[in-house]
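Chain letters run A, B, ... following the sequence lines, proteins first and then strands; every chain starts at 1.
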Amino acid sequence: DIVMTQTPRSSPVILGQPASISCKSSQSLVHSDGNTYLSWLHQRPGQPPRLLLYKISNRFLGVPDRFSGSGAGTDFTLKISRVEAEDVGIYYCMQPLQSPYTFGQGTKLEIK
Amino acid sequence: QVQLVQSGAEEKKPGASLKVSCKTSGHNFVGYYIHWVRQAPGQGLEWMGWIDPNSGAPDYAPNFQGRFTMTWDTSTTTAYMELNRLTSDDTAMYYCVREDDYFDAFDIWGQGTMVTVSS
């Protein structure tokens, strides 16, 4: 199985300041089609997760441009340029490359 | 508008079986898969498996092989999951999720079904 490891597990941030979350996979997420299958999800308290980014850096419909993704191979980063109050919650990276699909442990973003 | 609407909360006894439905609407579901993901209270996300609505072919996570079944009803465009031999460790929120083959990501989530297993 591909193991997804996120750091930090918790991230207190000041409103308006940037935030960054790292995700590392135990093996490359590059598909034979040339795409890299790494997604980021955001889960607010009491709600299902929602898709933020797919294939490393592509923002899903309606996702603000303060969210960006980068990385390659096995190392990936989610960045929020200026944190807003609605960004609190838990962020998960996941790999939909191969079965069993796996998720990172989650990073809790909270306002300092 | 694509929607996944799940059945309501369940309370079960240890050893019982569980069946959760996921009614899909707003799309013909060609080129999509339906996944099931669960989340124990205060914990992270755990992938259980997916089913291809077009072929009915499933793929199960090894952790659930043998007691987990996914099905698809084409006439009602509803996905079902069944989990047998429940234990308290199965207490969780269960989500059905669509994987779109353009995004290759989990783009639409059901609202979740809370399942509590307790004697």
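Residue B:Y80 is not grouped with residue B:M93 when hydrophobic side chains (ILVMFWY) are merged at heavy-atom distances under 4.5 angstrom, including chains of intermediate members. The hydrophobic cluster containing A:L15 also contains A:L78, counting ILVMFWY residues as joined when their side-chain heavy atoms lie under 4.5 angstrom apart, directly or transitively. A:L61 and A:L53 fall within the same hydrophobic cluster, where Ile, Leu, Val, Met, Phe, Trp and Tyr residues are linked whenever their side-chain heavy atoms come under 4.5 Å apart, directly or through other members. Hydrophobic clustering, with ILVMFWY side chains joined whenever heavy atoms are under 4.5 angstrom apart, groups A:I111 together with A:I80. Residue B:I51 is grouped with residue B:V2 when hydrophobic side chains (ILVMFWY) are merged at heavy-atom distances under 4.5 angstrom, including chains of intermediate members.
In the displayed structure, A:Q47 atom CD is contacted under 6.0 Å by more than 12 heavy atoms of other residues, nucleotides or ligands. Within a 6.0 Å radius of CZ in A:R82, no more than 12 heavy atoms belonging to other residues, nucleotides or ligands are found.
Looking at B:Y102, both its backbone and its side chain come within 4.5 Å of chain A, counting heavy atoms on both sides. The part of A:Q43 that comes within reach of chain B is its side chain, from C-beta onward, which places non-hydrogen atoms under 4.5 angstrom from that chain. Heavy atoms closer than 4.5 Å to chain A are found in both the backbone and the side chain of B:D107. Of the two parts of A:Y101, the backbone and the side chain both hold a non-hydrogen atom closer than 4.5 Å to a non-hydrogen atom of chain B.
The contact list for residues 20-41 of chain A toward chain B, using heavy atoms and a distance under 4.5 Å, reads A:Y37, A:S39, A:L41 by residue number. Residue-level contacts of residues 36-50 of chain B with chain A, in order of numbering, are B:V37, B:Q39, B:Q43, B:G44, B:L45, B:E46, B:W47, B:W50; threshold 4.5 Å between heavy atoms. The stretch residues 108-119 of chain B places B:W109, B:G110, B:Q111 near chain A, each with some heavy atom under 4.5 Å from a heavy atom of that chain. Applying a 4.5 Å heavy-atom cutoff, none of the residues of residues 81-89 of chain B approach chain A.
Across every non-hydrogen atom of B:D104 and A:P96, the tightest pair is O-CG, 3.4 Å.
Between A:P49 and B:Y95, some side-chain heavy-atom pair lies under the 4.5 Å cut-off. Residues A:K55 and B:F103 have side chains not in contact (no heavy-atom distance under 4.5 Å, counting atoms from C-beta outward). Counting only heavy atoms from C-beta outward, the side chains of B:F106 and A:F60 never approach each other to under 4.5 Å.
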